[in-house]
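In what follows, every heavy atom counts, from backbone to side chain, and hydrogens, waters and symmetry copies are set aside.
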Number of protein chains: 2
Amino acid sequence: MLASERRNRLLELVRVKRFASLPELIEELQVSESTVRRDLEHLEQQGSARRIHGGVLYAGTSPKLPHFDEQEPGAWAKKRAIARRAAALVEDGDTILLDGGSTTYELARLLVGRPIHVVTTSLPVANLFAADPASDLILVGGNICPRSGVAQGPLAGAMIASLRVRKTIFSVAGINDEGFFNNNLLLVETERAMMRAADEVVVVADSSKLGRRSLTHLCGLDEVQHLVVDDGIPQAWQEKIAAAGVALVVAPSANDPEA
Amino acid sequence: MLASERRNRLLELVRVKRFASLPELIEELQVSESTVRRDLEHLEQQGSARRIHGGVLYAGTSPKLPHFDEQEPGAWAKKRAIARRAAALVEDGDTILLDGGSTTYELARLLVGRPIHVVTTSLPVANLFAADPASDLILVGGNICPRSGVAQGPLAGAMIASLRVRKTIFSVAGINDEGFFNNNLLLVETERAMMRAADEVVVVADSSKLGRRSLTHLCGLDEVQHLVVDDGIPQAWQEKIAAAGVALVVAPSANDPEA
DNA sequence: CGGAATGTGATTGAATTCAGTCGTTATATG
DNA sequence: CATATAACGACTGAATTCAATCACATTCCG
């Protein structure tokens, strides 16, 4: 059996069972423990599954949007680390505005169960909080982008404009000397509205975004209060960010004690 | 804190997070590991949770919203029959506005893949269309009711007021001589806005709703253009509906060739 | 044919988690 | 007030799981 075929079967197994232990998978796939572990590592980096002590969880909610697929190895672990630090910036009782990036989604997962008020443009994020009695959920409406499940367009902008939140948290596709960038015009417009609605703006991004530019300029460096990145950020950039008056939070990519 | 209260909180946490590790729960509940273990043992015996090496899984079928638990098998078949006939009222290219009732949800399932423009206040309905390339989706934002996953409140009303749709389709909790009723004030307000935004109003309801009243009066009989019910509707009611100028569609409950 | 690259299976020591036990505290009851 | 019961937190040894490493097989090129 080909390796890729086995991985597909593995993912399929995990998807239908929602959770699978390692011995289970070994029995089913008839391969060694090592191989299963390696495959799971793959699936996790790709963002399809979530490994926990004792087995694997399926990452996506069942028949949903194409769950974020990440090619770059390690990117997912970085996102998780960043999300953990960003979650620490959120205080109980806060009203926060979240967009629909993959890092933001990870952050949202960590915030489920916290007593906070959540405003979001993202359908996947909304699904996380919909059944959570601890938090309030306000969904920003608008045209839903089929690829990402995020509300965009004038309707979204108008609704955001009528709101006021403590913190806005979103991710970007590029950061350079000119400021922050994203790769979708509609998205940038929505994010501008999100910034205007917030007391504080928090940007989450992994270090590969530094120095990269993208299609649309969102805002200058100094218009953001917090930036959370992984520890791959070069010293030069740390200084540049600090010089712009942005509070920098560096997330250690090491430990990952799921919490 | 009382033990039973803590267990409720524990179960709630596990439910919304789908999975929780032991350290997580210890941190959240502020009790010792032993106590958390004992509580989990309880929950497992009770069948609410499933313990695995490294944490707990929620045992319930629905990680998300209480996904329209089929109340009575019979009622569900009726809903499906009604939904089938209602789907026939929708033409390709239409812009339709859907609420979050269970019958409406069934209708929405039938409409996935059709080239239509969908506007909805319902998170579950939105999830159906989010990944559908054939249809456009506009999500109405607002406060999300945790029980039903439906957007309500002034934000929802304001957004609906800025829209114009061909048909509005929603369900009601009661129909009598005074008109249509629903059991939630916020819901009724939203539905009034939905009616104002539409050229035509379609109400879907099973025949058990006839003659029943509910908490809040929504509108008179003559303010609705179409009513779709199952074939349990009495002759007297058929005449009454027709007299009010409502186009009546009776859905045969017989065949059920899976749709 | 040689050799690099990749995938696989086995092993090992470290880390984590588990189940059971024990002493303490709080509450209820006689 | 004394005692019994239940719940809690801490500890311990056993079991499980994890990450890392090594050796072997296969494939793909040069």
Whole-Å distance separating the CD atom of B:Gln30 from the C1' atom of D:dC8: 15 Å
Are the side chains of A:Leu40 and A:Val36 in touch, meaning some heavy atoms are under 4.5 Å apart? yes
To the nearest Å, how far apart are A:Leu22 CG and D:dA15 C1'? 16 Å
Any side-chain to backbone donor/acceptor pair from A:Lys78 onto A:Ser208? Under 3.5 Å, distance only. no
Return the value, rounded to whole Å, for the distance between atom CD of B:Gln45 and atom P of C:dA19. 12 Å
Contact nearer the 5' end of DNA chain D, comparing B:Arg7 with B:His53: B:Arg7
Sidechain-backbone polar pair: A:Asp39 side chain, A:Arg7 backbone, donor-acceptor under 3.5 Å: no
Nearest-Å distance for atom pair CD1/P, residues B:Ile52 and D:dT16: 16 Å
Residue pairs, two or more places apart or on separate chains, that pass side chain to side chain donor-acceptor pair (under 3.5 Å) and touch residues 173-184 of chain A: A:Asp177-A:Lys240, A:Glu178-A:Arg213, A:Asn182-A:Glu191
List the atom of B:Asp132, the atom of B:Ala134, and the distance in Å for their closest heavy-atom pair. OD1-N, 3.0 Å
Could you tell me how far apart A:Glu24 (CD) and D:dT17 (P) are, to the nearest whole angstrom? 11 Å
Tell me which residues in residues 31-41 of chain B put a heavy atom below 4.0 Å from DNA chain D, sorted by number, or none. B:Val31, B:Ser32, B:Ser34, B:Thr35, B:Arg38
Please report the distance, rounded to the nearest Å, between CD in B:Glu5 and P in D:dA7. 16 Å
Quick one: B:Phe19 CZ to C:dT17 P, roughly how many Å, whole number? 9 Å
Just so I know, are the side chains of B:Arg50 and A:Arg18 near enough to count as touching, which here means a heavy-atom distance under 4.5 Å? no
What's the CG-P distance between B:Leu10 and D:dA7, to the nearest Å? 15 Å
